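What follows is one structure encoded as structure tokens, with my remarks underneath.
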Amino acid sequence: MNGLYCIPKLQQLEEYAAFSRAYGAGFEYNDFFLPAVLDDEKEKGRIMERYLSIGRDCSQDTLHGAFFDICVDSSDRRIFQVSDLRVRQSMDIAKAMGLRAVVFHTNFIVNFRLQSYLQTWLERNEAYWRQILADYPAQQVWMENMFDDSPGLLAQLAERMSDEPRFCVCLDTAHALISGSPLKPWLDELKPYVSHVHINDNDGREDLHQPVGDGVFPWGEYDAWVRTMEHKPSVLIEVREFAALKKSVGYMERHGVYPFV
């Protein structure tokens with residue numbers, strides 16, 4: 001399997017570990033973006049220890065970093081300090097567990113089209129993420145579109161960072177579908193920078209995290225796009241339950257949706 005990922009849950013860790021073995025799938029940990037976990041050293045350590053105790057090779061695993069209210073471009077010193085703390089907590093966990101990468105969100109103010117704001121966001125984000133990569137030389141940073149209403153700003157940041165191989169785009173196809181912009185520009189403009197993809201389904205309006213094939217997402221268009229890429233991205237099936245993961249895989253296997261053939 002070419003870079004398949006799933007989101008493990010502690011309560012069903014044995015089932016997810018078996019899935020990982022069967023499909024050669026990596027883990028993308030979603031336990032550590034919650035402020036309550038980040039502020040509880042004992043709980044954070046317990047979760048890390050449990051995941052590491054099953055003896056998997058975690059070197060290709062990833063982690064979803066903190067994203068609630070994160071604003072690394074803030075001109076408010078205190079807001080920046082808290083944002084920086086959360087980012088570094090995420091990176092520290094990835095470093096301690098020996099993980100490959102951490103996913104963060106763009107988190108800019110959508111529809112605030114003042115050119116000075118957009119330019120400041122670009123400049124401060126570029127400077128910030130270059131510093132994070134310098135401080136964590138063993139990890140990568142993958143930037144995910146969240147509330148973005150178009151791919152333009154993320155594409156500009158990725159282009160500015162294109163000399164840094166450890167910075168890339170994590171395209172969330174479901175977020176793109178509900179962005180208000182057509183899907184094709186997302187696929188076209190971000191294609192040179194995408195190394196990781198989050199997939200699930202929805203109704204075209206809400207980010208429902210439905211199993212692949214249960215909504216309106218055009219999976220044929222996604223599949224055709226990814227198969228033209230010279231460097232194929234890794235793919236996280238981003239659903240909330242193990243049953244939804246299995247249902248997604250069943251659909252993708254039947255229809256030959258990448259990374260299945």
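Predicted, not measured: the structure shown is a model, and the values here were computed from it.
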Approximate separation, where rounding is to 0.5 Å, of K42 NZ and I47 CD1: 13.0 Å

If I compare all heavy atoms of N107 with all of I70, which pair ends up nearest, and what's the gap? ND2-O, 3.1 Å

Does the side chain of F68 come within less than 4.5 Å of L34's, by heavy atoms? yes

H105 and H64: ring pair (Phe, Tyr, Trp, His ring centres under 6.0 Å), yes or no, with the steps? CA-CA 9 Å; H105 287 173; H64 201 308; 4.9 Å; yes

Using side-chain heavy atoms (C-beta onward) and a distance below 4.5 Å, is Y258 in contact with W225? no

Does any non-hydrogen side-chain atom of V197 lie less than 4.5 Å from one of Y222? yes

Just checking, any donor-acceptor pair under 3.5 angstrom between side chains of D214 and Y251? no

Heavy-atom pair of closest approach, residues Y16 and C6: CD2-SG, 4.0 Å

Does a donor on one side chain and an acceptor on the other come within less than 3.5 Å for S59 and D57? yes

Gap separating the CG atom of L154 from the CD atom of E144, nearest 0.5 angstrom: 9.5 Å

Got a sec: does the CZ of F147 have more than 12 other heavy atoms crowding it under 6.0 Å? no

Determine, step by step, whether D84 and Y128 satisfy the side chain to side chain contact (heavy atoms under 4.5 Å, CB included) criterion, reporting the C-alpha distance in whole Å, the side-chain angles of both residues, the deciding distance to 0.1 Å, and the verdict. CA-CA 9 Å; D84 182 52; Y128 182 78; 2.6 Å; yes

Check whether any side-chain heavy atom of E221 sits under 4.5 Å from a side-chain heavy atom of K184, and report yes or no. yes

Can you see whether D201 engages W219 through a side-chain donor-acceptor pair at a distance of less than 3.5 angstrom? yes

Which of these passes side-chain contact (heavy atoms from CB on, under 4.5 Å) with I93: K95, M97, M91? M97

Are R46 and E49 close enough for a salt bridge, meaning some N to O gap below 4.0 Å? no

What one should report as the nearest heavy-atom pair of Q140 and W142 is OE1-NE1, 3.0 Å

Taking C-beta and beyond as the side chain, do I132 and R88 meet within less than 4.5 Å on heavy atoms? yes

Interatomic spacing from CG in L13 to CZ in R50 - rounded to 0.5 Å: 4.5 Å

Test side chain to side chain contact (heavy atoms under 4.5 Å, CB included) on I199 and I237 and set out the steps. CA-CA 5 Å; I199 64 170; I237 302 176; 4.2 Å; yes

Side chains of Q156 and L118: does their closest heavy-atom pair fall under 4.5 Å? no

Taking all atoms of both residues into account, what is the closest heavy-atom pair of E189 and A155, and its distance? O-CB, 4.1 Å

Taking the side chain as C-beta and beyond, is there a heavy-atom pair between E159 and L122 under 4.5 Å? no

Do V72 and V87 come close enough that some side-chain heavy atom pair is under 4.5 Å? yes

So how far is it from I178 CD1 to D207 CG, rounded to the nearest 0.5 Å? 4.5 Å

If we ignore angles and hydrogens, is there a donor and acceptor under 3.5 Å between the side chains of D61 and Y5? no

Would you find more than 12 non-hydrogen atoms of other residues, nucleotides or ligands less than 6.0 Å from K191 atom NZ? yes

Apply salt bridge (charged side-chain N to carboxylate O under 4.0 Å, His left out) to the pair R113 and D149, showing each step before the final yes or no. CA-CA 11 Å; R113 304 191 188 282; D149 58 351; 2.8 Å; yes

Just do the side chain to side chain contact (heavy atoms under 4.5 Å, CB included) check on M146 and D172 with the steps written out, would you? CA-CA 8 Å; M146 179 58 174; D172 190 303; over 6 Å; no

Working for side chain to side chain contact (heavy atoms under 4.5 Å, CB included), residues F19 and K246: CA-CA 9 Å; F19 178 89; K246 294 291 289 182; 4.2 Å; yes

Could you pull out the closest heavy-atom pair between S195 and C168, with the gap in Å? CB-SG, 3.3 Å

Side-chain donor-acceptor contact under 3.5 Å, Y51 with D31: yes

Give the minimum heavy-atom separation between D69 and S83, together with the two atoms involved. O-OG, 4.0 Å

Rounded to the nearest 0.5 Å, how far apart are CG of D148 and OG of S179? 8.5 Å

Give, for atom CG of L157 and atom CH2 of W121, the distance between the pair rounded to the nearest 0.5 Å. 4.5 Å

Between R78 and Q81, do the side chains contain an N or O donor and an N or O acceptor separated by less than 3.5 Å? no

Under 4.0 Å between a Lys/Arg side-chain N and an Asp/Glu carboxylate O for E241 and K9? yes

